Amino acid sequence: MSRLQPARGTSDLLPAAMAAHRKVIETARDASAHYGFQEMATPIFEFSEVFSRPLGDSSDVVTKETYNFTDRGGETLTLRPENTAGVVRAMISNGLTQSLPLKYFYAGPMFRYERPQKGRMRQFHQIGIEYLGAFEPLADAEIIACGARVLADLGVLDRCVLHVNSLGDAKCRLSYRGALVAFLTQHRADLSEDSKVRLGVNPLRILDSKDLRDREILRGAPRLQDHLNDPSKAHFAAVIEALDAAGIKCQLDPLLVRGLDYYCHTAFEFITDALGAQGTVLGGGRYDGLSEMLGGPAIAGVGWAAGVERLAMLVGVGDLAVPQIAMVAAEPLAKVAAFRVAEDLRSAGLSVDIPVSGNMGKKMKKIDRAGVRFAGIIGGSEIDKGTVQLRDLREGNQEELAQSRLASAIITRLNRG
RNA sequence: GCGGGUGUAGCUCAGUUGGUUAGAGCGCCAGUUUGUGGCACUGGAGGUCGCCGGUUCGAAACCGGUCACUCGCCCCA
């Protein structure tokens, strides 16, 4: 630690960055509410099994990316690397399997021990929705539509492409996996080093390899679609039909595979090319097996998560809170009067700042640069008369008003625009 | 975890083949204006040249290591 800096892969959210984050989160919360999703939150850490059991041993998220620690009571805990497992755990813990279906929205920090890059942090923030207890294909379509609306409301949908694929149910996946492994084993010698490893651990991941030799080999590989059974095909077709009916454009992507083991059927990602290698901005899918993996009953689920940092980069800046008026004491003896009037204005619902440093000119300069619209100037003569000079910094005009009329005068002017 | 690039003031960046007190713009502070912002002018503060070590008479510059950021791989949001 040389020169006090935040831990690797973490960063401070100063007001400008915080404003962009808040815009993303609030937009997503509102859009989700339009679809009937209610906000909830789970703890930032859980017993390690909550993540290790469902995510699967082959997943990098578990094998090397989690922050694990033991607390003073000897419990093995993990900082959440994602929130779906936590939400499903909460459903089971709270006996909510009696009140299905459930539609939840969440927002909060996640933690993965990875090599940081732009759009990839060790502490990052996700927003997401989970639709529990609904197996209908329309549930898949609804959450995708909700994701599209979040992106549209943020003004970034036109910079994203929706990729969709079906992984089929557990049976299809198993049969396809066998066929793929058989095929790739014949070409093992020509695969990239990464893919040789994946062949043994998580062969489906080879499908979206960026290695050119891998891609060449994959052109002759068996295709996932050919291994989907009838129920899986019907499910996927119904999802596509619904998206189509609602005018949500998507691109079938047979090579789209999700890393986490609990995914089945629909998998999708909204991808942008504006963010370099970290192009996935919102992604998710169906996870019907997850509840059982956690030791609960078989409960269907679909959901997605989106990266707040990535979306914030696309959105740009949010709105900073700027006070509507600043109460400026023209001379030191008026400080208390300025403070008292400021409190009155706040009681009337206005946001008020009181600049404290420098002479009057400096204070005026400071509030002007901060973008404050009005200055309420008060000095000895105003105190005697019970008035305030109301200066409009945008229009450049000034008027003396009785203190009792100040709040309503400001509100009137603000409403005029 | 693997490979490439970069690190000089709060920010964006100059800095000659190694040479004396390391610069600019913006920002910040102060003054011109002792009850009034934007504009202009004048002045000022602010730098362990990321850090440690090495080469050299001499290092911001060259070499090694390290930390951080960044691009790609991996993985994913």
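Letters A, B, ... mirror the listed sequences (proteins, then strands); counts begin at 1. Computed from a prediction, not measured in an experiment: that's the story for all the values here.
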Identify the nucleotide, in any strand shown, that forms a Watson-Crick or G-U wobble pair with B/C29, with both distances under 3.5 Å; if there is none, say none. B/G43
For the base of B/G37, is there a side-chain donor-acceptor partner from A/R391 under 3.5 Å away? yes
Once hydrogens and angles are ignored, does a donor-acceptor distance under 3.5 Å link the base of B/U36 to the side chain of A/Q398? yes
Distance check, C1' atoms only: B/G27 and B/C13, in whole angstrom units. 14 Å
What nucleic acid atoms does A/E382 come within less than 4.0 Å of, heavy atoms only: base, sugar-phosphate, or nothing? base
Do the side-chain N or O atoms of A/K365 get closer than 4.0 angstrom to the phosphate oxygens (OP1, OP2) of B/G31? no
Does B/G7 pair with anything, Watson-Crick or G-U wobble, both distances under 3.5 Å, and if so, with which nucleotide? B/C67
Which part of the nucleic acid, if any, lies within reach of A/G358 when heavy atoms closer than 4.0 Å are counted: base, sugar-phosphate only, or nothing? nothing
Does a donor on one side chain and an acceptor on the other come within less than 3.5 Å for A/E382 and A/Q389? yes
Quickly work out the A/E114 CD to B/U70 C1' distance and round it to whole Å. 16 Å
Specify the separation, in whole Å, of atom CE of A/M327 and atom P of B/G37. 17 Å
Considering every strand and a 4.0 Å limit on heavy-atom distances, what is the contact class for A/E309: base, sugar-phosphate, or nothing? nothing
Using the C1' atom in both, what is the distance from B/G25 to B/U8, to the nearest Å? 15 Å
Nearest whole angstrom, please: distance from the P of B/C75 to the CZ of A/F51. 22 Å
Can you tell me how far P of B/C75 sits from CG of A/D214, to the nearest Å? 10 Å
How would you label the contact of A/K363 with the nucleic acid (heavy atoms, under 4.0 Å): base, sugar-phosphate, or nothing? nothing
For A/Q123 and A/T10, which I'm curious about, is there any donor-acceptor pair between the side chains at under 3.5 Å? no
If only side-chain N and O atoms of A/R8 are considered, is one of them under 4.0 Å from the OP1 or OP2 phosphate oxygen of B/C67? no
Closest to side chain of A/A277, choosing from B/G35, B/U36, B/G72: B/G72
Atom-pair distance (CG on A/D211; C1' on B/C75), nearest Å: 16 Å
Strand-adjacent residues in residues 116-126 of chain A, judged by heavy atoms under 4.0 Å from RNA chain B: A/Q117, A/K118, A/G119, A/R120, A/M121, A/F124, A/Q126
A/Y263 OH to B/C75 C1': how many Å, rounded? 14 Å
Nearest-angstrom distance, P atom, B/G65 to B/G3: 12 Å
Distance between the C1' atoms of B/C2 and B/C11, in whole angstroms? 33 Å
Could you measure between the two P atoms, the one in B/A60 and the one in B/C52, and give it in whole Å? 12 Å
Regarding A/L282, tell me which of base, sugar-phosphate or nothing describes its non-hydrogen contacts under 4.0 Å with the strands shown. sugar-phosphate
Under a 4.0 Å threshold between the charged nitrogen and the carboxylate oxygen, would A/R346 count as salt-bridged to A/E343? yes
Nearest-Å distance once atom P is located in both B/A22 and B/U66: 31 Å
Go through the N and O atoms of the side chain of A/R369 and the base of B/G27, and report whether any donor-acceptor pair is under 3.5 Å. no
Heavy atoms only, 4.0 Å cut-off, all strands: where does A/R198 land among base, sugar-phosphate and nothing? sugar-phosphate
Determine, for A/R416 against A/E395, whether the closest basic-nitrogen to carboxylate-oxygen distance falls under 4.0 angstrom. no
Under 3.5 Å for both donor-acceptor distances, Watson-Crick or wobble: does B/C73 have a partner, and if so which one? B/G1
What's A/G9 touching, base or sugar-phosphate or nothing? Going by heavy atoms closer than 4.0 Å. sugar-phosphate
Across all strands shown, which nucleotide pairs with B/U17 by Watson-Crick or G-U wobble geometry, both distances under 3.5 Å? none
Base, sugar-phosphate or nothing for A/G396? Non-hydrogen atoms, less than 4.0 Å. base
Base-pairing mate for B/C62 - Watson-Crick or G-U, with both contacts under 3.5 Å: B/G54
Could you tell me whether the side chain of A/R173 and the main chain of A/H265 form a donor-acceptor pair under 3.5 Å? no
Nearest whole Å is fine: how far is B/C74 C1' from A/K210 NZ? 9 Å
Answer yes or no: does atom CG of A/D319 have more than 12 heavy-atom neighbours from other residues, nucleotides or ligands under 6.0 Å? no
Rounding to an integer number of angstrom, what distance separates B/C62 and B/U17 when you compare their P atoms? 11 Å
Does OP1 or OP2 of B/G37 have a side-chain N or O of A/R394 closer than 4.0 Å? no
Between A/D208 and A/L256, is there a donor-acceptor pair closer than 3.5 Å when you use the side chain of the first and the backbone of the second? no
Between atom CG in A/D194 and atom P in B/C2, what is the gap in whole Å? 13 Å
Is the side chain of A/D392 donor-acceptor paired with the backbone N or O of A/Q398 at a distance under 3.5 Å, no angle test? no
Return yes when atom CZ of A/R213 has more than 12 non-hydrogen atoms of other residues, nucleotides or ligands closer than 6.0 Å, and no otherwise. yes
Using the P atom as the reference point in each nucleotide, state the distance between B/C29 and B/A45 in Å, no decimals. 16 Å
B/U48 pairs with, by Watson-Crick or G-U criteria that keep both distances under 3.5 Å: none
Between A/K171 and A/D169, does at least one N-O distance fall below 4.0 Å, as a salt bridge requires? no
Report the nucleotide, chosen from B/G1, B/A77, B/C74, that has the shortest atom-to-atom distance to any side-chain atom of A/S209. B/C74
Which nucleotide in B/A68, B/C74, B/G1 has an atom nearest any side-chain atom of A/Q278: B/C74
Side chains of A/N68 and A/T66: do they bring a donor and an acceptor to under 3.5 Å? yes
Just compare B/C74, B/G38, B/G31 and give me whichever is closest to any side-chain atom of A/D368. B/G38
